[in-house]
Amino acid sequence: WSDNKPGITMTNHSNVDVKATFTYAPESGNTLTGAFTYDNSKTTDSTGAVSLAKGVEGQVSAADYVTATLKLSGTPSSTMTDFTKVGTITVKITK
């Protein structure tokens with residue numbers, strides 16, 4: 001993966017198909033909600049995972065990838081200041 005601000009890019013160079021699940025959990029007391037959008041024509045399955053096809057030997061630049069971008073919504077608390085942690089993003093990779 002790479003931190004591709006403002007998104008997170010996951011590239012599959014392995015020899016097996018994988019699934020990537022991106023989740024957002026707000027900090028305690030934070031009312032902001034979050035949802036991910038995906039580029040590269042990717043959509044999620046019923047479990048919320050994005051499928052990435054296995055890599056092909058010798059074709060590094062053709063590796064399957066997705067960039068996930070978190071979109072926050074809601075109204076920040078009036079006590080929130082600059083550089084306040086609003087939540088945690090977790091990326092889970094499975095076969």
### Query
So, for G74 and P76, which heavy atoms are closest and what is the spacing to 0.1 Å?
O-CD, 3.9 Å
## Note on the structure
By side chain to side chain contact (heavy atoms under 4.5 Å, CB included), S14 pairs with (sequence neighbours left out) N12, V16, V18
### Contact list for residues 49-61, test salt bridge (Lys or Arg N to Asp or Glu O under 4.0 Å), sequence neighbours left out
none
### Query
T11 versus T9: any side-chain heavy-atom pair under 4.5 Å?
yes
### Summary
Sorted by chain and residue number, the side chain to side chain contact (heavy atoms under 4.5 Å, CB included) partners of D45 (sequence neighbours excluded) come out as K19, T47, A49
### Query
Got a second to check how far M10's CE is from I8's CD1, nearest 0.5 Å?
11.5 Å
#### Entry: Hydrophobic cluster membership, L52 vs Y38, 4.5 Å side-chain cutoff
yes
Less than 3.5 Å apart, which donor and acceptor atoms pair up between the side chains of residues 88-95 and the rest of the protein, not counting sequence neighbours?
none

### Message
Does anything in residues 23-37 form a side-chain hydrogen bond (donor to acceptor under 3.5 Å, both in side chains)? List the pairs, not counting sequence neighbours.
### Response
Y24-N30, T33-S73
#### Entry: Any F22 side-chain heavy atom under 4.5 Å of L70 side chain
no
### Query
Side-chain heavy atoms under 4.5 angstrom apart, residues restricted to Ile, Leu, Val, Met, Phe, Trp, Tyr: same cluster for Y65 and V50?
no
### Query
Under the side chain to side chain contact (heavy atoms under 4.5 Å, CB included) test, which residues partner A53, sequence neighbours left out?
D17, D64
### Message
Testing the basics here: between K42 and S51, what is the closest heavy-atom pair and its distance to 0.1 Å?
### Response
NZ-O, 3.2 Å
